[in-house]
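Note on naming: letters A, B, ... go to the chains in the order of the sequence lines (proteins, then strands), and numbering restarts at 1 for each one.
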Amino acid sequence: MTVELTIDGKKITTSEDKTILEAARENGIYIPTLCYHSKLSPIGSCRLCVVEIEGVEHPMASCTTPVAPNIVVTTKSEKLDKIRRDALKLMLVNHPLDCPICDAGGECDLQNMVFQFGIDQVEYKANKVEREEIPFSTPLIRHWPNRCILCGRCVWACREITGNNVLEIAEKGYDSHIEAIYPEKCLSCGECLSVCPVGALTDNLSPIKARKWQAKRTLTTCNHCSVGCQLEINTFEDKLINITTKESEGTNNGSLCVKGRFGHDYIHSEERLKQALIRKREDLIPTDIDEAISFAAKKIGEIKEKYGSDAFAGVGSVHLSNEENYIFQRFVRSVIGTNNIDSLASLIFEPLSEALIPVLGMGLMTNPLNDLLLSDVAIVIGTDLDGNHQIVANKLRWAAYHNDLKPVIVDPREISLSKGFANVWMRPKPSTDTVWINGLIREIISRGLEDKDFIKKHTKGFESLKKFVEQFTPEKVEEITGIDQKDLKDAAQLFGEAKAGAIIFGSGIIGQNDSVSAIRSLGHLALITGNLGKRGGGLYPILPRCNTQGAWDMGLNPLYFPGYQPVTDDGAIKRFKKLWGLPIKNEKGLSLVDIFLKASEGKIKAMIIMGENPLVTFPDSSLVKKAIENLEFLVVIDSFLTETAELADIVIPGVTFAEKDGTFTSCERRIQRVRAGLKPLGESMADWEIIAKISEMMGHPMNFSTPKDIFDEIAKVTPCYGNITYEQLDEKGGAWCYLGKTPRLFEDGFPGGKANFLTDDIKLPQKKENKEFPISLTVGGNFYNYLIGSKTKRAKGLALVYPDNFVLINDEDADKKGIKDGDMVVIKTENGELSLPARVNSNIIPGVAHLKISFNDIDVGKLFKADKAIVPYKIVNASIEKA
Amino acid sequence: MSKFLSKQDLEEYRKKIINSRDPNKIIIALCGDTGCQAYGANKIADAFRKEIKAKNLQDRVELKITGCHGFCERGPLIVIYPKKIFYQKVSEKDVSEIISESVVNDNVIERLLYVHPETKEPIVKEDEVPFYNRQQKIISGMNSVIDPTNIDDYIAIGGYSALEKALFDMDPDSIIEEVKKANLRGRGGGGFPTGVKWESCKNAPGDIHYVICNADEGDPGAYMDRSLLEGNPHSVLEGMMIGAYAIGSSEGYVYVRNEYPLAVENVNIAIKQAREYGLLGENILGTDFSFDIKVTRGGGAFVCGESTALMASIEGLWGEPRAKHIHTVVSGLYNKPTNLNNVETWANVPLIINKGADWYSKIGTENSKGTKIFSLVGKVNNTGLVEVPMGITLREIIFDIGGGVPNGKKFKAVQTGGPSGGCIPEEYLDTPVDFDRLTELGSMMGSGGMIVMDESTCMVDVARYFLNFLKDESCGKCTTCREGIKRMYEILTDITEGRGKEGDIELLEELGWVVANASLCGLGQTAPNPVLSTIRYFRDEYEAHIKEKRCPAKVCKALIRYEIDQEKCTGCGRCRINCPVEAISGEKKKPHIIDQEKCIKCGICHEVCKFDAVNII
């Protein structure tokens, strides 16, 4: 419905849900504001936006007053000017004029407003109230209570965006002040900081400061998780000052998590490599980078000559750019001539693909993350979103706050979303997910809540599914998984009735035993409820690192060229041979697990590891160690001397994401630009340049002078990246890969016409008691965190807010072993053992323990064994004893 | 007790109670309200119980601890029924005499009677006391008759018969029509027509509707609502039930300040009893109507009396008002349609239903119907609660009922409407009291506070006092209210402390205008009233403070000094002995003097001097 109204004599037509302020702004009519923020519900505290409405006695705050038909609004008058000036003067009485030393100087809304109104004196003289500065809810932010104008934005932001209600306006009247009333709930995301209109909250991390007009702002993509947040790197004299955001950019809409906002200071870490290193006997000796590159080229050539191409393997990176991964696989496939190339992305995509491609035709996130804002039920399985992908959690909270989204949380652990937020919280025993998911399917069908039209129109094999799930009665589900029957039934009713239901799942499913069966069952669940190809529906596998998706797309894979063109496909071979000008092997290569297995047997002789630290990040560190020891030659390209790099023969210094151009592809399949805000440190150079130089030294110049050149080639040869140009990425803030008219998969139907229900390969968990290793040890965080640990605190800000590692044990289990909170314990598995302090409580169900793997000096990898392509990297049987 | 399953059950029970009660039994109604408790009512009650037992009079006499009778100035109060003998300022030691004289025998103890201030004649019966006989206690009258903790007392006087009528003889629309016809206006201060509010709430879409009783009475000196909840909680509950039935609500809240422990206790007891009788809960009196009430205790923030802040507080959020462009009747508590009325408004409802709109609307003025309870306090002889018909003049309330200003002092002004009301000077005392007339005078009805001031009250100091209260009670959200009130308070403090300067009055007027015009809720919009109304009527006092550095009422310490009249002083030494800072010196039998350097202007010398020799200059 639209309404007509008059603002300042101008006839305006707008929709009825707009406020007067919004209607005015749409029409270029300026109304001053301080507390208003377009991301937040109107606050109405500053009173600057007052307007007069004909026939209404008092002036009204335009930010909180909706438009109404035929009202006549005046935004500028003597009366209003008086109110605005007085309101500003009243703020100035207590606000210190410490602008020269305030972080917000020059970008302070109050400063701007006072200047704009030309207020040069304040009649009210009063004793300034000195408010005591008390520590804020996070050490990363400093609170300056005297500068606060109590606009309320920070409180609103914490309530509406992060949903945490950490902040509140305490006391009342003149004693009102902002206080962190639940500091323990603070995620340190800095949302409050980002909305503060003055300098009452400031970044407490960076020692370097510069004014807005002095700093260089570079818009880029965050390199932590896979959400692909857009952020601005602010630099001054080639040093990072801080990170800010632009509201209009990215799926993050101006928000960030603690890692995005405060986790980038590692760029200036003292531990960064500035020079190449070359092994001279036992030691790695600094050397000139060109010398190192030419030595590497020579050595690779020699090994290829001596043992053949297949004695060589390449490991790419889930946090390097598409261009770097593309050029790397091109180098390995053409210059070296082998398909032995892979990355950690395969740990995720192997099970996803195997589970979903036969059912749906694709094994990817089906909908853009912003679809979650439209969902009315979301099932979140096996992922602590706040800990790893807070922006996704924020979307759920936004939807819960504004759209009445009902969350169903599935996790044996208590996580921030499970208590207080979840409508239903199910706590299954580990590796029993297949059972409850099929139980849920059965319950939805038995209630008649399946989407019959969708099933009929878009699927095959429903009858066999119906028959298959018969066995999963609520009683049986409870017996096997430990999930309360009522919870399962409630979840079924909610999800079955949902107009748009989303299924979000993380490594708790992807990295477990029998992950393929569980993920396939989730595919079935989405299908029977008609939640695919639908706004607000969808399957959302949550990927760990910033370019996990891109690494997979770029052909860091022994089976596929870029864009999933099989390496055994003659047409593809012909095309790439022509493009790259070198012969291509018509044979599958070795997967990551096989690369390490073969290397440990001495069958792989040389390796290039680019931007990866498998000794810490691969879930079997013993295997990696053995593999590396048996190599004749190892080249590592990295910006730090990682545990893996320490074992290399040559270490070539790469750069961080802040020093290079390129693209990342986020988990929602969005290709976004990475832009250099800083110059490369010392002699370090972008990984793509290093590979190109090695190739050139080996006699095969690639003729790329910028990452844009590489992207142009990618777009040409990668079907799912087709028709996308670098310019488009810059202009439109990214592009969706995997075609389609919309960023949503399956809106135009399924590849091959219909989706399939496939129940034959679904494996059920085998009940076997493991007397020696009775505890299911689950691990969380992600395998790729190279930023903090007790030895290296490269990201100082994160080290401040993340506590040291511990193993979480259920209190009953601990009791049996005489373990008390804080005791040191020894965790043993078939593969290795670790010592750690224990945390004992009931936040985890009996029989399960949990360990964070965000600490690079605690070798969790040695507890695991990798001997098959799909590695259950999230769970292992263990025993825990008091040390 | 089994639940009433029908109208008949209740009626039979009512008959049973009435029949079981001997109309000639002597009842001693002792006011047990907070005020009289402070005077020692509890000890008196114990003494009565003991005495009745000792004399074995249980069959002849019954002690009833009731709610507030209203005449708080004269507490503790008792009324002995059926003869309505009224004893005032009763103490523990009077108890056995009362029993022997007025219960066992048929005598009246003259010493305990109220003496007519003019005729000096003692008055025996309660309803002959001038304080009472000019009132029209249709709402608060039952307070002195029933024991608020006993639902049977309420039923015996016809309680819950209005609910019966509403459920069985009327439908929701006709109830709303009746309330509209009665033109009942909200007693919380706004004066919004109650029936119209109910109708909007009833018509608001949604399956859940709430009703709320606002008992967050926060005005200093006002206690009408407290007395009703303490003295007759069932009348409030019955009003809520009728409202809930009319609106289509099944859940109600009583939001009561935690500083009212007796009110909290009594309303909780009343709810419990009503549930036991099946008057709250599922299928009330066998009908389809189900309704229950929860009690939420407020934490003492004045602003939580504002409807949206109150609802936020019930939800456990910061008690902060929100913009009301979407009315709470459409989206209130938990974003559901919510009808909020204050205690007194709800208590009016059973009366309107029982006696009809025609009867009700005969009381009052054209646009303000019914009665209003005021708490009459300050410089007035008869402080207490008074219930008067709308349209009565301020003069009648203050002088006829209130007995005028004590100690022969001159009346100066009356402050109505709570802390953000205004001060009305003597020239307007003949104004009939109703919603509209008080607003015209720059004050307001508010919830019914009425503070009388005499010539020894400094109007600048009064304005400062109220702003001091409001600066602390603003929720702190709107810049103009939070900062503006504080700045006005500071300017007023400067004026009263002798630092006033030219232009301060204009600055106060300007700032007052901004605060009133730019703030969101009623608190901010009315907060400048005490200042603006005193400037309007007593500008000369402000000017005296600022220009002459003089406080005409001789209140502002910085502007006065105490001096001893050397002619009058007898040198008795009383002032010297009582001076807390040893500022007075002088030999015996010779005139004393005050050392102005040492004097802290506490005024004790002035008070203790028997010869009127200490002057305030």
Side-chain angles (χ1 to χ4, degrees), chain A residues 19-20 34-35 41-50 52 57-61 63-68 79-80 82-95 122-127 129 149-152 155 159 165 167-178 181 404, chain B residues 299-304 309 316-326 335 467-491 493-494 499 501 503-504 506-508 510-525 527:
Chain A
T19 62
I20 293 176
L34 265 180
C35 67
S41 332
I43 303 169
S45 65
C46 77
R47 317 311 285 174
L48 289 189
C49 71
V50 283
E52 291 185 75
E57 188 191 347
H58 286 291
M60 301 292 281
C63 69
T64 55
T65 311
V67 294
K79 191 173 170 181
L80 295 172
K82 195 166 123 127
I83 290 176
R84 289 170 187 156
R85 294 175 66 88
D86 263 33
L88 284 169
K89 284 179 187 175
L90 288 169
M91 286 178 208
L92 282 184
V93 173
N94 259 315
H95 186 86
V122 174
E123 292 87 342
Y124 318 117
K125 64 171 193 3
N127 298 327
V129 179
I149 56 166
L150 282 166
C151 66
V155 176
R159 183 189 302 159
N165 290 310
L167 302 177
E168 195 47 285
I169 298 185
E171 299 284 344
K172 56 186 162 56
Y174 198 68
D175 295 328
S176 306
H177 60 274
I178 303 294
I181 50 165
D404 204 19
Chain B
F302 178 67
V303 77
C304 285
L317 302 173
W318 180 37
E320 150 220 89
R322 64 157 177 81
K324 271 177 280 195
H325 51 78
I326 300 172
N335 300 324
L467 261 72
N468 185 31
F469 175 84
L470 291 165
K471 82 172 179 2
D472 292 336
E473 293 300 345
S474 156
C475 80
K477 179 177 181 171
C478 297
T479 310
T480 44
C481 176
R482 180 187 69 239
E483 306 282 335
I485 297 175
K486 169 79 171 176
R487 299 287 87 90
M488 290 173 81
Y489 168 75
E490 282 167 350
I491 295 168
T493 305
D494 279 354
R499 295 186 301 272
K501 54 184 188 308
D504 275 358
E506 292 70 25
L507 195 57
L508 281 172
E510 178 189 322
L511 201 46
W513 180 86
V514 169
V515 173
N517 274 281
S519 303
L520 166 67
C521 79
L523 192 148
Q525 285 172 5

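Note on Gly503(B), Ala516(B), Gly319(B): by heavy-atom pairs under 4.5 Å with chain A, the leading option is Ala516(B). Chain A forms the most heavy-atom pairs under 4.5 Å with one residue out of Lys471(B), Glu510(B), Glu473(B), and that residue is Glu510(B). In terms of heavy-atom pairs under 4.5 angstrom with chain A, the leader among Cys481(B), Ala301(B), Gly476(B), Gly484(B) is Gly476(B). The residue among Asn94(A), Ile149(A), Leu150(A) with the most heavy atom pairs within less than 4.5 Å of chain B is Leu150(A).
Looking only at side-chain heavy atoms (C-beta outward), Glu320(B) and Ile169(A) stay at 4.5 Å or farther from each other. Contact of the Leu511(B) side chain with the Asp86(A) side chain is registered, since non-hydrogen atoms from C-beta on lie closer than 4.5 Å. Considering only heavy atoms from C-beta on, Leu520(B) comes within 4.5 Å of Arg47(A) through its side chain.
Note that NZ of Lys89(A) and CZ of Arg487(B) are 13.5 Å apart. Values are rounded to the nearest 0.5 Å. Summarising the geometry, atom CG belonging to Asn517(B) is positioned 12.0 Å from atom CE belonging to Met60(A); distances are rounded to the nearest 0.5 Å. Taking CG of Leu90(A) as the reference point, atom OG1 of Thr480(B) lies at 7.5 Å (rounded to 0.5 Å). Atom-to-atom distance recorded for Leu88(A):CG and Glu483(B):CD is 11.5 Å, nearest 0.5 angstrom. Residue Arg322(B) holds its CZ atom at 11.5 Å from OG of Ser41(A), rounded to the nearest 0.5 Å. The CD1 atom of Ile83(A) sits 9.0 Å away from atom OG of Ser519(B), with the distance rounded to the nearest 0.5 Å.
Annotation: side-chain contact (heavy atoms from CB on, under 4.5 Å) contacts of Glu52(A) (sequence neighbours excluded): Thr74(A), Ser77(A), Lys79(A), Leu80(A).
Around CD of Glu506(B), the count of heavy atoms belonging to other residues, nucleotides or ligands within 6.0 Å exceeds 12.
Neither the backbone nor the side chain of Leu34(A) comes within less than 4.5 Å of any heavy atom in chain B. With a threshold of 4.5 angstrom between heavy atoms, Cys475(B) approaches chain A through N, CA, C or O but not through any side-chain atom. Within the 4.5 angstrom heavy-atom criterion, atoms from both the backbone and the side chain of Ser45(A) approach chain B. With a 4.5 Å cut-off on non-hydrogen atoms, Ala87(A) touches chain B through its backbone and its side chain both.
Considering all non-hydrogen atoms of both residues, Gly44(A) and Cys478(B) come closest at O-SG, 4.0 Å.
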